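Here is the structure we will look at, set down as structure tokens.
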Amino acid sequence: MYDFKAIESKWRKYWEEQGVYKTPVEPDPRKKFYLLEMFAYPSGDLHIGHFRNYTVGDAFWRYQKMKGSDLLHPFGWDAFGLPAEEAAIKQKLHPRDWTGKNISTSRQTLKDLAISYDWDREVITYTPEYYKWTQWVFLQLYKKGLAYQADSSVNWCPSCKTVLANEQVDSENKCWRCHSEVAKRNLRQWFFKITAYAQKLLDGIDKLEHWPENIKAMQRYWIGRSEGVEIEFKVQGSKSNVSVFTTRPDTIYGVTFMAIAPEHPLVSQLTTSEQKSRVEEYVKKAAAKTEIDRAATGEKDGVFTGSFAVNPLSGEQVQLWVADYVLLHYGTGVVMGVPAHDQRDFLFAKKYNIPVKVVIRPADRQTDRPADQMTEAFTDEGTMVNSGSFNGLVSTEGIRKISEHIEKQRLGTRKTYYRLKDWLLSRQRYWGAPIPMVHCPKCGVQPVPEKDLPVLLPEVKDYIPKGRSPLADEPSFINTKCPKCNGPTQRDPDTMDTFVCSSWYHLRYADPRNDKEPFGKDAVNKWLPVDLYIGGAEHACGHLIYFRFITKVLCDLGYLKFDEPVRRLFNHGMVLDEKGEVMSKSKGNVTSPREIMEEYGVDAGRVAMFFAAPSEAEILWSKNGLVGAQRFLNRVYQLVSGIATLPNDDVRDTRRIASLSEMEELYCRKHRTIKQVTEDIEALHYNTALSALMELVNHIYEIKTLLKHPTRAADYAAFKGIIRKTAERVVLLLSPLAPHLCEEMWQMLGNKESVLKAPWPQYNPSALKLKQVELAVQINGKVRSRITVPTDSAEEDVKKVALADEKVKEMLKGAAPKKVIVIPGRLVNIVS
RNA sequence: GCCGAAGUGGCGGAAUGGCAGACGCUGGGGACUUAAAAUCCCCUGGCCGCAAGGUCGUGAGGGUUCAACUCCCUCCUUCGGCACCA
């Protein structure tokens with residue numbers, strides 16, 4: 001067994017001393033490659049999921065390096081945020097100390113694993129040198145009118161005592177961190193107007209050719225564009241109108257009621273005195289429920305306001321109800337109820353005996369089904385009926401015609417809504433970047449001038465949250481002077497969501513030590529966009545939207561020449577335990593990279609991880625794979641040890657060779673392997689790259705065994721050269737996957753320089769084919785025989801050989817085949 | 001419910017219209033060894049057969065094709081995401 005401890009520490013030190021990870025100062029624009037893995041949240045040491053993420057990236061880095069790319073491969077720490085604060089409170093440490101300790105531990109692990117990061121470019125989001133520019137980003141958005149304050153009913157976690165973003169509340173209305181029930185609360189909060197970029201973010205998705213389809217689909221859905229019409233309904237006996245948004249104007253003749261959200265400001269106005277107490281009671285009840293509670297039951301309930309509205313097209317009078325299935329913050333907060341063609345409206349109407357009026361007839365029916373026989377709404381397309389002059393139109397056509405009609409008659413306008421909501425970024429917590437704003441009693445809200453950044457996060461005695469930011473209780477921080485009038489004023493006490501910190505870090509890496517600007521324009525446009533971004537898919541609708549947004553804003557402001565941060569996104573799969581469960585400290589089923597490294601070595605750990613599945617697939621981690629990986633690596637090592645001393649003969653000198661076909665086969669296999677490994681590494685399918693290498697190694701062993709036979713001593717001499725060359729290729733092709741051992745073997749083969757400086761092997765396309773090829777011969781789709789023909793045989797010749805085959809003749813019994821299909825290089829199928 | 005991905009031996013997986021199960025793990029047998037470990041060689045989807053060979057087989061059912069794990073239709077299951085978005 002190779003001495004992995006000695007070999008790995010030797011080469012780890014070598015790479016470090018040689019500075020191979022350093023980023024070139026002036027990258028060649030044609031060769032630049034920015035490889036990025038999602039930076040880490042430093043909670044304890046790295047786990048096996050990190051190990052996968054970073055080794056997948058590292059292998060790609062080594063491959064790119066050999067291809068001659070100028071690489072930027074940085075790393076950093078997303079170190080602000082709740083978990084650090086929670087852990088710090090528990091352990092009575094300052095969050096900075098807790099986080100800092102974890103960073104040192106994890107950084108050392110990454111170095112021990114020899115992950116190819118340029119540590120000179122490390123960033124840590126909690127350092128003033130970094131968050132100074134996070135604050136700068138905030139100010140740019142503020143200047144552009146993209147940061148605003150608003151009172152808002154927010155998700156409030158009573159246990160963490162903070163506001164949560166929508167993404168931080170799970171489907172059961174529980175806090176993402178502590179899993180306690182999330183409540184509602186009204187607070188004055190800062191928002192980024194990401195909705196102003198909804199369309200740009202959506203359009204941009206189409207240009208993201210090398211992003212996984214599922215992430216793009218999730219983002220499209222999250223942005224949620226829908227086109228429709230906003231229509232005014234007159235309220236009977238009142239001057240006011242209610243407007244509704246609908247994507248189905250073709251069903252407008254089927255409106256039999258209207259429903260308004262309980263929180264809607266119009267509710268009190270629309271409620272008649274007879275209904276007042278009932279409505280007020282309902283509104284109160286609804287307010288106590290969260291949106292998730294309301295949706296969970298599936299129950300549709302509401303209360304009649306006593307008022308009526310008039311359908312602008314049919315002139316029919318419809319009841320106005322309050323119903324909590326209507327969302328205040330989508331569309332106009334009012335919906336037109338079409339029970340026959342919307343399932344929610346249907347349930348509501350059935351419950352309260354509201355009429356159901358059919359206006360769309362399914363295409364496969366001639367007559368209308370009586371509305372009282374319907375058991376559910378008909379929501380598909382169909383033909384319009386009971387719709388005045390629009391009868392007979394197909395619904396898609398009807399949507400267009402009615403929309404036109406409504407606009408012409410000035411009854412409403414076409415409109416597009418998005419489900420994307422603005423980004424709430426205020427956090428009432430200590431451990432974050434302070435929001436660089438002041439609230440002057442005279443001048444109102446004022447930005448802190450850029451020259452006064454950073455607004456330093458002060459040391460506080462007590463950062464335990466009490467329902468407002470601990471910064472509010474720190475006089476030295478909160479009291480300041482107004483930048484406009486110089487009078488006494490107060491700072492905004494809140495800190496920023498950590499997603500703000502991570503929304504621009506990819507830019508900072510291009511120029512991480514710049515203390516004059518967040519990044520030099522030149523540096524950032526030279527290195528970005530990121531060429532390959534590797535991380536988990538859990539950020540699909542969080543970070544991966546936010547950083548696209550910030551990139552677009554900074555592009556519009558003229559700082560960047562690109563408006564998408566990442567060319568190719570790759571989501572690696574999760575690492576689960578043998579039972580398929582998520583590894584966690586509480587379950588006690590975690591495996592640490594350090595354990596693997598010490599017991600089996602870094603290379604064996606990598607190979608085991610890579611071989612288990614393609615990088616995007618989920619892995620059930622078990623120690624079995626490590627043994628196999630070690631066995632394979634040792635097999636390669638033994639092979640190379642045995643031939644390291646062989647002469648490097650000229651391969652093409654075949655005069656002495658007895659078995660030309662064996663020689664040719666090895667040569668062909670070598671080139672096929674180069675092709676496959678290259679393509680597989682490009683796709684991050686390291687599992688099949690490894691299996692191709694295993695096959696080649698097995699083949700070399702086979703040949704060596706054959707040549708041991710006494711009668712073949714002369715052949716052995718002739719084979720030495722090509723075996724050696726093939727082994728060299730194996731070492732190069734394997735080196736991104738098992739770098740330490742391959743450096744060692746490369747040196748054993750007499751090379752003076754690092755394997756990283758060797759060029760990536762190229763294959764010769766003409767060497768991919770053998771002179772002879774074996775074809776399967778099928779009769780009626782079943783393999784019955786095999787024939788060997790020259791590779792470039794004409795179809796006719798192949799047919800002849802196949803039909804002349806003894807087994808074929810026997811099966812056909814002299815009958816002429818109906819058809820013979822020849823697939824060159826693959827098979828012959830005889831149809832009889 | 002909607003969107004997305006997936007379903008292949010005892011296990012991880014390979015093959016994206018052309019010989020299903022590559023490669024590896026596990027298991028079995030053998031060689032070497034005083035012995036063990038390591039290493040090397042052979043076998044390892046089911047059924048029938050002494051064997052040659054035959055036959056079934058990629059979640060289920062249909063279809064297209066000379067040929068389907070692969071394409072089309074219907075359905076089932078699992079995972080991920082979203083979830084009253086009018």
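Chain identifiers are assigned alphabetically (A, B, ...) following the order of the sequence lines, protein sequences preceding nucleic acid strands; residue numbering begins at 1 within each chain. Quick caveat: nothing in here was measured; it's all calculated off a predicted structure.
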If only side-chain N and O atoms of N698(A) are considered, is one of them under 4.0 Å from the OP1 or OP2 phosphate oxygen of A22(B)? no
Ring pair (Phe, Tyr, Trp, His ring centres under 6.0 Å) partners for F233(A), two or more places apart: none
Under-4.0 Å side-chain N/O to phosphate OP1/OP2 contact, R631(A) with C25(B): yes
Using purine N1 to pyrimidine N3 plus N6-O4 or O6-N4 for Watson-Crick, or N1-O2 and O6-N3 for G-U wobble, both under 3.5 Å, which nucleotide pairs with A31(B)? U39(B)
Which value, in whole Å, describes the distance between the P atoms of nucleotides G29(B) and A38(B)? 16 Å
In the structure shown, which nucleotide is the Watson-Crick or G-U wobble counterpart of C2(B), with both distances under 3.5 Å? G81(B)
A86(B) OP1/OP2 closer than 4.0 Å to side-chain N/O of Y330(A): yes
Are the charged groups of R669(A) and E695(A) less than 4.0 angstrom apart, N to O? no
Ignoring hydrogens and angles, does a donor from either the side chain of K818(A) or the base of C66(B) sit under 3.5 Å from an acceptor on the other? no
Rounding to an integer number of angstrom, what distance separates C32(B) and A37(B) when you compare their C1' atoms? 13 Å
Interatomic distance where CG belongs to L827(A) and P belongs to A67(B) [whole Å]: 13 Å
Which part of the nucleic acid, if any, lies within reach of V326(A) when heavy atoms closer than 4.0 Å are counted: base, sugar-phosphate only, or nothing? base
G9(B): syn or anti, with syn meaning chi within 90° of zero? syn
Considering only heavy atoms and no angle criterion, is a donor-acceptor pair shorter than 3.5 Å present between the side chain of N829(A) and the base of C66(B)? yes
D250(A) side chain vs I399(A) backbone, donor-acceptor pair below 3.5 Å: no
Closest to side chain of P614(A), choosing from C66(B), C19(B), G13(B): G13(B)
Using purine N1 to pyrimidine N3 plus N6-O4 or O6-N4 for Watson-Crick, or N1-O2 and O6-N3 for G-U wobble, each under 3.5 Å, what pairs with G7(B)? C76(B)
Mapping G781(A) and G333(A) onto RNA chain B by nearest heavy atom, which one lands closer to the 5' end? G781(A)
Can you tell me how far C1' in G17(B) sits from the matching atom in C72(B), rounded to whole Å? 13 Å
Given RNA chain B, 5'-ward residue of the pair K807(A) and V627(A), judged by closest heavy atom: V627(A)
Nucleotide paired to U70(B) in any strand shown, Watson-Crick or G-U, under 3.5 Å: none
